[in-house]
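These notes are about the structure you will find just below.
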Amino acid sequence: MNNDGMLVVLSGPSGSGKDTVLSEVYKTSDDLVQSISMTTRSPRDGEVDGVDYYFVSEEYFLNAIDDGRMLEYAKYGTNYYGTPKEPVDNWLRSGKTVILKIEVQGAENIKKLYSDCVSIFITPPSLSVLEKRLRLRGTEQEEDIVRRLNTACDELQKIKYYDYVVINDALVNAVEEVKSIILAEKLKVSRRKNIISEVTKNV
Ligand code: 5GP
């Protein structure tokens, strides 16, 4: 697909710290926008509708799919998650760097649609660290923690399909690495055709 903006897909197991890394990355640039996903999951304490997610009923979600309003979607555990299409298209057209924080199945679908997207996988240093983080977070019941750990094992097998992997051991390093990846990708010749033709105009 042809556009001026850049699409960044960021995945990582639940508890890998993607949200914390991303919130730090967003502070550093006005050019980055985060797509707000739609989900059928219930809000966690402190989560706000229209900020963290659009929290909707399953019926609403399934209708949005039928109406072609979702760019991608996936079932994760017992809930649906998906990216509304229209805002992403608009941001890309206006030259923004759009970040989709989505799980591996959605990432695979986005790669098929946007072959020039940049994919980053954020991983914890180990499964035991992940388990500790999920328990410390205290937002899920035991059954859901076990399900998320099992899903994490499947997700970690998919790292090889991503362009970059960032190990979230120390937050500052992970943030710097994600910022560096985005910057390097933006500077690629293939993304700078307009600037290059300007520079080389009278050559
Ligand atoms: P959580 O319930 O922890 O907020 O999210 C569960 C998983 O769903 C995470 O891996 C998260 O990145 C993923 N996710 C969130 N939004 C979307 C989305 O729009 N599409 C897809 N495919 N996955 C999403």
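Start at 1 and go down the list; that is how both ligands and their atoms are numbered.
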Q.
If we set the cut-off at 4.0 Å for heavy atoms, which region of Met70 has an atom near ligand 1: side chain, backbone, both, or neither?
A. neither
Q. Which bit of Met38 gets closer than 4.0 Å to ligand 1, counting heavy atoms only: side chain, backbone, both or neither?
A. neither
Q. With only distance considered, is Arg137 within less than 3.5 Å of ligand 1 through an N or O on each side?
A. no
Q: Determine, for Arg93 against Asp89, whether the closest basic-nitrogen to carboxylate-oxygen distance falls under 4.0 angstrom.
A: no
Q | Presence of salt bridge, Glu198 and Lys201, under 4.0 angstrom | A | yes
Q: Provide the number and element of each atom of ligand 1 under 4.0 Å from a heavy atom of Ala74.
A: 22 (N)
Q. Counting from 1, what ligand 1 atoms have a heavy atom of Arg41 closer than 4.0 Å?
A. 1 (P), 2 (O), 4 (O)
Q.
Under 4.0 Å between a side-chain nitrogen and a carboxylate oxygen: does that hold for Asp52 and Arg44?
A. no
Q | Atoms of ligand 1 close to Lys18 [distance to a heavy atom under 4.0 angstrom, numbered from 1] | A | 9 (C), 10 (O), 12 (O)
Q) Can an N or O of Glu155 be found at a distance shorter than 3.5 Å from an N or O of ligand 1? A) no
**Q.** Residues Lys111 and Ser119: side-chain donor-acceptor under 3.5 angstrom
**A.** yes
Q: Calculate, to the nearest 0.5 Å, the distance between atoms CD and CD belonging to Gln105 and Glu155 respectively.
A: 10.5 Å
Q) At under 4.0 Å between heavy atoms, which part of Tyr76 makes contact with ligand 1: side chain, backbone, both or neither? A) side chain
Q: Report yes or no: does Lys158 contribute a side-chain atom to a donor-acceptor pair with the main-chain N or O of Val104 at less than 3.5 Å?
A: no
Q: Would you mind checking if Glu142 and Arg135 are paired as a salt bridge, meaning a charged N to carboxylate O distance below 4.0 Å?
A: yes
Q. Taking heavy atoms and a distance under 4.0 Å, where does Glu72 meet ligand 1: side chain, backbone, both or neither?
A. side chain
Q. Please state which protein non-hydrogen atom is closest to atom 22 (N) of ligand 1 and give its distance, to 0.1 Å?
A. Glu103 OE2, 2.7 Å
Q. Any idea how Tyr80 and Tyr73 line up, ring-wise: parallel (<30°), tilted (30 to 60°), or perpendicular (>60°)?
A. tilted
Q | Under 3.5 Å: N/O of Lys101 near N/O of ligand 1 | A | yes
Q) Tell me: protein heavy atom nearest atom 5 (O) of ligand 1, and distance? A) Tyr53 OH, 3.3 Å
Q: Please tell me if the side chains of Ile110 and Thr83 come closer than 4.5 Å, counting only heavy atoms from C-beta onward.
A: no
Q.
With heavy-atom distances below 4.0 Å as the criterion, list the atoms of ligand 1 near Ser37.
A. 16 (N), 17 (C), 18 (C), 19 (O)
Q | Proximity to ligand 1 by part of Glu140, non-hydrogen separation under 4.0 Å | A | neither
Q) Does the N or O separation between Arg44 and ligand 1 drop below 3.5 Å for any pair? A) yes
Q. Is there a donor-acceptor pair under 3.5 Å between the side chain of Ser126 and the backbone N or O of Val129?
A. yes
Q.
For atom 2 (O) of ligand 1, what is the closest protein heavy atom, and at what distance to 0.1 Å?
A. Tyr81 OH, 2.5 Å
Q: Would you mind running through ligand 1 and noting each atom that sits below 4.0 Å from a heavy atom of Thr83?
A: 19 (O)
Q | Glu103 side-chain N/O to Gly106 backbone N/O, donor-acceptor pair under 3.5 Å | A | yes
Q. Between Gly82 and ligand 1, does any nitrogen or oxygen pair lie at a separation below 3.5 Å?
A. yes
